[in-house]
Amino acid sequence: MSFLRVEDLHIDLGEFSLKGVSLEFERGEYLTVMGPTGSGKTILLECIIGFYKPSKGRVFLEGRDITDDPPEKRRIGIVYQDYALLPHKNVFQNIEYGLKKVDRDKVSRKAKIMEMAEALNILHVLHRKPTTLSGGEQQRVALARALVVEPRLLLMDEPLSALDPQTRHTTRALLRRIMRKRDITVLHITHDMDDVWALADKVAIMRNGRLEQHDTMHDVFNRPSNRFVADFVGASVFEGTVQPGANGQCQVDVGGLVLNSIESARSGDNVRVFLRPENVMVFRDRPQKTSIQNLVDATLEDYYQEGILYHLSFRSQGVRIPAVITASAFQELDIHRDDTMCLGVKAANVTLA
Amino acid sequence: MSFLRVEDLHIDLGEFSLKGVSLEFERGEYLTVMGPTGSGKTILLECIIGFYKPSKGRVFLEGRDITDDPPEKRRIGIVYQDYALLPHKNVFQNIEYGLKKVDRDKVSRKAKIMEMAEALNILHVLHRKPTTLSGGEQQRVALARALVVEPRLLLMDEPLSALDPQTRHTTRALLRRIMRKRDITVLHITHDMDDVWALADKVAIMRNGRLEQHDTMHDVFNRPSNRFVADFVGASVFEGTVQPGANGQCQVDVGGLVLNSIESARSGDNVRVFLRPENVMVFRDRPQKTSIQNLVDATLEDYYQEGILYHLSFRSQGVRIPAVITASAFQELDIHRDDTMCLGVKAANVTLA
Amino acid sequence: MVPTFEDIMTNIWSDEMQLSLRLSLLTGLVSTVLVMLFALPIGYALSRLDFWGKGVVKTIIDLPVAFPELVLGLCLLLLFGKTPIGKALSSIGLDFVFTKKGIVAAQFFTALPYSVRIMKSTFDYINPRMEFVSRSLGYTQFETFLRVSIPLAGSGILASTVIAFARCIGTFGTVLILAGGSYMRTETLPITLYLNISYGNMGMALTSGILLIGVSFIAIFIFEKTEAKL
Amino acid sequence: MVPTFEDIMTNIWSDEMQLSLRLSLLTGLVSTVLVMLFALPIGYALSRLDFWGKGVVKTIIDLPVAFPELVLGLCLLLLFGKTPIGKALSSIGLDFVFTKKGIVAAQFFTALPYSVRIMKSTFDYINPRMEFVSRSLGYTQFETFLRVSIPLAGSGILASTVIAFARCIGTFGTVLILAGGSYMRTETLPITLYLNISYGNMGMALTSGILLIGVSFIAIFIFEKTEAKL
Amino acid sequence: DDLRIFAGAGLMKPMEELRQNFEKSHDVHIDVHYGSSGEIFGMLGVGQTCDVFIPGAEKYTRDAIKNGWVYEPSMKPIVKHVPVMVVPGGNPANIQTLDDLARPGVKVALGDPKAAAIGKVSKKMLSKAGMWEQVTPNVVVYAPTCNQLLIYTALEQADAAINWLDVTTWAEGKGKVQVVRIDDKRNMIKTIPTAVHVSAKENPLALELNDYIASAEGLVVWEKWGFEACTK
Ligand SMILES: Nc1ncnc2c1ncn2[C@@H]1O[C@H](COP(=O)(O)OP(=O)(O)OP(=O)(O)O)[C@@H](O)[C@H]1O
Ligand SMILES: Nc1ncnc2c1ncn2[C@@H]1O[C@H](COP(=O)(O)OP(=O)(O)OP(=O)(O)O)[C@@H](O)[C@H]1O
Ligand code: MOO
Ligand SMILES: [Mg+2]
Ligand SMILES: [Mg+2]
């Protein structure tokens with residue numbers, strides 16, 4: 001029995017509708033939800049918590065149908081995108097507000113709040129009213145308020161978006177620690193890939209009111225179910241044909257380019273082949289002794305810099321292969337447009353579907 | 001004469017104060033402001049726009065002292081952290097609101113709005129009231145409202161924080177295009193390094209109500225003025241002594257490790273030496289023929305993965321050297337803890353101060 | 001005792017009732033408009049500005065609510081009577097004692113405190129940052145008041161208008177004292193009701209009561225319905 | 001005509017004035033509390049719930065504001081008089097005609113519509129998401145109403161209370177008709193004022209007027225001052 | 001157990017004393033409701049009841065009897081009600097006789113002929129004198145009660161008003177108004193009656209109160225407050 005099960009959820013808001021979202025995950029799992037802005041992530045979350053009543057579909061929590069429960073019976077923690085702090089209470093009281101319902105002991109409440117505030121570095125604003133806080137401070141208060149009650153299920157809507165990289169980093173570590181220790185199940189909406197890498201067990205991708213894919217992190221990133229998801233997670237997709245022969249492993253012909261994969265597939269099948277640019281190694285010369293099973297000569301068509309990374313776009317036999325390398329590697333390889341270089345991809349990094 | 005000059009700005013909000021912030025930049029420049037949450041970025045912006053009256057200090061715009069001007073005379077565009085869309089007007093009217101003051105022609109207004117809405121991908125919500133928009137949609141409307149009037153100075157407070165990576169990317173491109181074309185000067189508060197890399201001419205770093213550094217992007221990242229800034233921008237700092245001799249270039253002794261730099265310094269001087277981890281190349285074996293002037297053997301003490309990147313921490317002769325490489329490079333190099341490897345840094349990437 | 005439906009219809013079409021009805025509606029609407037024209041800026045100022053003695057000013061503005069209508073009427077009579085103020089107003093044609101203008105004045109001063117107090121509280125709920133954004137887009141403080149503060153105060157303006165109108169149309173004592181409550185001259189519906197009770201003319205009294213309720217109901221219903229558009 | 005300061009002091013300490021003052025304050029406070037106890041939930045329901053015929057319900061609630069006090073008093077007299085409702089209430093000890101309880105009833109029904117309307121508009125300005133967060137943290141709808149909606153409505157509650165209190169302490173006609181306005185028994189300050197004008201006792205009349213203004217001023221001032229704490 | 005009186009507003013001063021006397025001697029509580037004659041008459045009209053009914057002029061009691069509200073045998077005349085002209089202190093328009101009310105430019109305040117007893121009397125009196133048509137253009141207000149009429153005179157909103165003599169006593173004492181007598185030929189003096197409501201005709205206490213108010217003992221009180229007994 002899954003912990004949270006969302007079954008065929010529909011909701012119609014006139015201009016926008018959720019169209020049959022089904023989702024389930026287990027106790028203790030950490031699900032991140034991604035998707036373009038306006039794809040319905042927040043609405044989905046507000047359906048689960050009970051702010052919107054679905055026109056069709058059910059929500060089950062620990063096997064119980066909670067679709068018609070009032071929110072106070074659901075006991076689902078939430079961190080709102082716009083924080084929704086109570087303006088008439090100070091920060092301490094805001095955090096204490098929900099805790100009062102689960103912990104009758106004032107001293108123990110205070111200890112918990114202080115611990116949480118310390119971890120989130122908001123001790124200095126505990127006595128202040130939320131309206132005087134900076135964006136990042138408000139966000140951490142909202143987080144503290146939700147975390148301190150240790151809800152069985154915690155929904156978070158872009159909970160780290162207003163934090164600086166440093167704080168975001170430490171807060172992620174905090175989240176990881178609490179989730180493990182308290183066995184909290186989490187649904188976390190984010191636009192930040194780093195949140196996904198650092199926290200997620202599973203990933204759901206939404207588009208236009210529909211769930212495009214809902215899978216383990218590895219599968220979503222390496223085996224996107226369609227081109228939209230592939231683009232969204234930054235994977236490359238090719239159409240290929242499985243070739244006859246080969247030893248246990250499998251060979252796929254992608255427009256003349258033959259790639260080895262450790263996955264198994266029936267010879268002659270048409271398959272989709274996925275590559276992630278960060279798994280493509282770039283060599284100036286073809287390496288001599290190496291375990292890399294796919295080595296391809298390719299020409300650099302284009303590149304651009306983004307922060308400390310260079311995004312390269314190679315072409316080999318009519319197939320476009322992307323790669324990502326660091327600034328230092330870029331310098332070291334002394335790369336120029338139209339250079340012909342050697343690309344390497346491990347057979348384990350060529351996924352099929 | 002600089003375009004915007006902030007002179008020794010003080011403001012006291014009880015718990016928090018801005019303590020003598022001075023800042024200036026030229027017409028057409030793009031300044032990004034970073035800093036930990038609660039460091040006073042928003043307050044600084046609200047002082048410039050006139051929401052807070054400074055207790056001391058002046059603000060000059062194009063040479064004119066505007067410190068006491070009412071906001072409507074300043075004509076400074078603003079994108080608020082919490083958007084501040086007018087709830088009684090629909091999205092079109094929100095965008096049109098400021099435009100009415102600068103363009104009396106309805107047809108031309110409409111054309112401008114449609115163009116802006118198209119570029120920001122909010123055409124489908126133009127007729128909606130802001131309260132029904134998703135976070136990212138609201139943010140883009142706030143951006144459109146500020147951009148469409150083409151203010152001489154535009155202040156933006158985390159204007160891309162609620163957008164998905166894809167949209168953020170295209171919006172950055174849009175910003176770059178508009179700024180160049182319209183000669184708009186920008187002050188942009190952000191927590192996202194990618195914004196800085198992609199957009200900034202200059203960078204200011206705030207902490208605790210003070211401006212820690214305000215310089216060109218290159219200098220802030222490669223020559224941080226103190227350890228706080230260095231940590232914030234992710235650079236490593238070492239104390240070193242300039243060694244005698246050498247040919248035009250300069251050699252610095254950092255705890256026994258000798259690094260070459262293309263910068264000049266007087267022999268015997270104590271200097272600070274900066275390295276950026278993405279400029280450190282990692283080799284399994286010492287490369288044979290290479291132009292890299294600094295090659296150091298070092299032991300891998302620790303590493304962790306963040307997204308597609310691996311952060312490595314090496315030690316050589318008591319000096320801790322960080323490096324960043326991509327997942328593919330990590331695999332290719334087949335790295336393990338306690339391996340001894342060779343690190344390379346170009347002399348151009350060793351900066352001194 | 002209970003008048004028949006035909007009685008009521010005849011009463012409604014009587015000259016006295018027609019005049020009273022028209023006068024009530026006219027003065028009620030004019031007064032309500034005037035009240036709101038004053039209440040909006042005063043309420044806004046009380047909400048946004050901070051000045052020494054604000055508590056006292058607010059109290060003085062609230063105070064007339066506590067006055068029995070007859071007392072308020074007397075105060076107005078004293079104010080507009082043989083005082084310099086009264087004479088000055090009189091010399092520019094603003095004669096309030098025993099006149100139709102007096103009805104408006106009486107209604108105005110009866111309803112104003114309510115509306116001001118409601119508008120002040122309403123503006124307290126409006127985020128000044130909204131107004132600031134408008135100003136940063138080039139609108140003056142006054143334009144911003146018109147284009148941002150007032151539209152955002154919609155629900156409060158509605159409450160304020162409904163109460164002002166109801167108070168204006170229903171006020172009796174103030175109008176009676178200041179405007180005299182003379183038959184067919186300064187006779188609004190509440191005065192018609194009162195006069196006809198005194199005349200022992202229960203049919204007319206009842207009719208004016210019914211008319212007052214009917215007119216108020218329709219007017220308030222229309223006001224309340226506009227909410228959907230806010 | 002103008003009484004001396006000594007006159008006023010003697011008048012203030014007269015039995016009639018003391019009784020009237022105490023009765024005014026007592027009934028005014030009791031009524032105000034009762035009004036707010038009813039106005040808060042009713043206003044909340046009108047703001048949050050959507051139901052068929054809401055426009056009509058709102059209009060009916062607003063309507064009594066448009067009634068002249070005497071009419072409202074008569075309506076109450078008819079309601080609490082020899083009707084089944086009146087008899088039922090009477091049988092449980094709630095006798096409103098010509099009693100002190102009647103003063104409270106009269107004031108209550110006079111002030112209630114104002115307070116309800118103001119509270120409705122106030123709750124319109126409160127983001128329901130705040131209430132939702134509270135419920136998701138385990139508070140029931142009623143607890144949330146007490147702990148979130150009401151505190152957030154602070155400024156509106158203040159406006160509502162001030163107007164309710166002022167209206168209660170100042171209402172005259174309703175009290176006169178329902179509670180009888182009899183000397184030394186159901187005599188509030190406005191009634192004292194009226195009775196003494198009628199007695200031709202201008203000194204006492206003026207004193208009660210001054211007292212009414214003074215008491216209202218102090219009470220409203222105290223209310224308005226609490227705003228700082230909201 | 002309690003008794004209720006509906007009395008004309010102008011009769012308050014003697015009525016209060018009479019009430020206290022009767023309460024003491026009979027250990028009973030009495031509520032008195034004061035209003036203009038038209039108003040208390042109207043209250044009977046909407047079904048309100050009282051024990052004793054004392055309007056400002058006999059006409060109201062007669063009408064009440066006609067409508068079956070008041071018990072006819074109980075009706076007793078008490079005192080006279082005397083109309084006079086009331087002018088602001090100092091008599092700025094120099095009003096001396098009834099004819100002065102017709103002088104152009106004089107601001108006249110009258111009681112509403114249909115609402116107030118005094119209005120009814122004024123209209124009759126002026127009509128009989130053939131002056132109604134001349135005076136009406138001068139009328140600035142028809143006040144529904146005699147009290148209101150007095151206020152307008154005291155506040156100089158009218159140069160003259162026709163009002164009851166007894167109503168003016170306080171204001172006269174304070175120098176706010178002056179009384180100008182109307183010549184007896186043209187004046188119309190009224191009587192104030194007391195009577196028992198039909199619902200109380202079986203109540204001995206009500207009848208006793210009614211008797212007391214009109215008794216010799218009661219008349220002493222009335223005279224003390226400036227009223228003139230009918231019998232004289
Ligand atoms: N009350 C409403 N009525 C109509 N449409 C609505 C309403 N609320 C939201 N929407 C629309 O539903 C869509 C999904 O909204 P939602 O807030 O779930 O987006 P999101 O995925 O959370 O986006 P973001 O990443 O920008 O927060 C948006 O296009 C939004 O405009
Ligand atoms: N009205 C106020 N009264 C007192 N302190 C305030 C007030 N407004 C802001 N502060 C405090 O000033 C500090 C700076 O706030 P500011 O909003 O400028 O931070 P910021 O740098 O923009 O942070 P963030 O990145 O989280 O938005 C914060 O600690 C905040 O709590
Ligand atoms: O007592 Mo009267 O009826 O006002 O003249
Ligand atoms: Mg969202
Ligand atoms: Mg900020």
Side-chain angles (χ1 to χ4, degrees), chain A residues 13 15 34-43 81-82 124-125 128 132-137 139-140 157-158 161-168 191-194 196-198 231-232 276-282 292 305-309 323-329 331-332 344-346 349, chain B residues 13 15 34-43 81-82 124-125 128 132-137 139-140 157-158 161-168 191-194 196-198 231-232 276 278-282 290 292 305-309 323-329 331-332 344-346 349:
Chain A
L13 295 173
E15 308 264 316
M34 302 189 83
T37 95
S39 56
K41 305 180 292 298
T42 301
I43 306 270
Q81 194 165 5
D82 55 1
H124 61 293
V125 295
R128 292 242 301 268
T132 68
L133 300 184
S134 83
E137 286 162 350
Q139 195 164 46
R140 283 173 288 159
D157 201 351
E158 305 183 30
S161 63
L163 304 181
D164 60 283
Q166 212 67 38
T167 311
R168 206 176 287 184
H191 287 313
D192 186 345
M193 286 289 177
D194 289 344
V196 183
W197 295 113
D231 283 351
F232 197 86
R276 295 199 55 82
E278 72 268 23
N279 289 335
V280 176
M281 305 170 208
V282 181
I292 304 168
Q305 187 182 7
E306 198 175 64
I308 63 169
L309 294 177
V324 177
I325 60 175
T326 58
S328 61
Q331 289 173 24
E332 175 196 347
V345 183
K346 292 197 168 181
N349 289 332
Chain B
L13 295 173
E15 307 264 316
M34 302 189 82
T37 94
S39 57
K41 305 180 293 298
T42 301
I43 306 270
Q81 194 165 6
D82 55 2
H124 60 293
V125 297
R128 292 241 302 268
T132 68
L133 300 184
S134 83
E137 287 162 351
Q139 195 163 46
R140 281 173 288 159
D157 200 352
E158 304 182 30
S161 63
L163 304 181
D164 61 282
Q166 213 66 40
T167 311
R168 206 177 287 185
H191 287 312
D192 187 345
M193 286 289 177
D194 289 344
V196 183
W197 295 111
D231 283 350
F232 197 86
R276 293 199 56 82
E278 70 268 21
N279 290 334
V280 176
M281 305 170 208
V282 181
T290 172
I292 304 168
Q305 188 183 5
E306 197 176 64
I308 63 169
L309 293 178
V324 177
I325 60 177
T326 59
S328 62
Q331 288 173 27
E332 174 196 349
V345 184
K346 292 198 170 182
N349 288 332

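Proteins come first, then strands; the chains are lettered A, B, ... in the order of their sequence lines, and each starts at number 1. Given the structure is predicted, the values throughout are model-derived calculations rather than measurements. The figures here come from the full heavy-atom set of this structure, side chains too, leaving out hydrogens, waters and symmetry mates.
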Problem - Atom pair CG (B:Asp164) and OG (A:Ser39), whose distance is rounded to the nearest 0.5 Å - result: 7.5 Å
Practice task
Pick one of side chain, backbone, both or neither for B:Gln166, based on which atoms fall under 4.5 Å of a heavy atom in chain A.
Solution key: side chain
Fill in the blank from the handout: Whatever's closer than 4.5 Å to a heavy atom in chain B on A:Glu332 counts as both
Practice task
Go through the structure and list residues passing salt bridge (charged side-chain N to carboxylate O under 4.0 Å, His left out) with B:Glu15, not counting sequence neighbours.
Solution key: A:Arg128
Exercise for the section: Using a cut-off of under 4.5 Å on heavy-atom pairs, state which of A:Thr167, A:Ile43, A:Val280, A:Val282 scores highest against chain B. Expected result: A:Val280
Exercise for the section: Go through the atoms of B:Asp231 and report whether side chain, backbone, both or neither lie under 4.5 Å from a heavy atom of chain A. Expected result: backbone
Exercise for the section: Please flag which part of B:Ser134 lies under 4.5 Å from any non-hydrogen atom of chain A: side chain, backbone, both or neither. Expected result: side chain
Problem - Best-contacting candidate, B:Gly40, B:Gly344, B:Gly135, against chain A by heavy atom pairs under 4.5 angstrom - result: B:Gly135
Handout entry: Among the listed options A:Ile325, A:Val345, A:Asn279, the residue most often paired with chain B at heavy-atom distances under 4.5 Å
Key = A:Asn279
Completion exercise
In terms of heavy-atom pairs under 4.5 Å with chain B, the winner among A:Met281, A:Glu158, A:Gln305 is A:Met281
Exercise for the section: Answer yes or no: is there a side-chain heavy-atom contact under 4.5 Å between B:Ile292 and A:Gln331? Expected result: no
Problem - Close side-chain approach of A:Thr37 and B:Arg140, heavy atoms under 4.5 Å - result: yes
Problem - Residue part contacting chain A, namely of B:Ala198, when any heavy atom lies under 4.5 Å - result: neither
Completion exercise
Whatever's closer than 4.5 Å to a heavy atom in chain A on B:Lys346 counts as side chain
Exercise for the section: Please flag which part of B:Val324 lies under 4.5 Å from any non-hydrogen atom of chain A: side chain, backbone, both or neither. Expected result: both
Exercise for the section: Below 4.5 Å from any heavy atom of chain A, which atoms of B:Ala162 appear? Answer side chain, backbone, both or neither. Expected result: both
Fill in the blank from the handout: With chain B, the option among A:Asn349, A:Asp82, A:Asp192, A:Thr132 that has the most non-hydrogen atom pairs under 4.5 Å is A:Asn349
Problem - Flag side-chain contact, heavy atom, 4.5 Å: B:Leu309 against A:Thr326 - result: yes
Fill in the blank from the handout: Comparing B:Met34, B:Gln81, B:Lys41, B:Arg276 against chain A, the one with the most heavy-atom pairs below 4.5 Å turns out to be B:Gln81
Problem - OG1 on B:Thr42 to CG on A:Leu133, rounded to 0.5 Å - result: 11.5 Å
Fill in the blank from the handout: Counting heavy-atom pairs under 4.5 Å with chain A, the top scorer among B:Gly38, B:Gly307, B:Gly136 is B:Gly307
Exercise for the section: Just give me the residue among A:Ser161, A:Pro36, A:Ala323, A:Gly35 that pairs up with chain B most often, heavy atom to heavy atom, under 4.5 Å. Expected result: A:Pro36
Handout entry: From CG (A:Asp194) to CD (B:Glu306), nearest 0.5 Å
Key = 5.0 Å
Exercise for the section: With sequence neighbours left out, write down each residue that passes salt bridge (charged side-chain N to carboxylate O under 4.0 Å, His left out) with B:Glu137, or none if nothing qualifies. Expected result: none
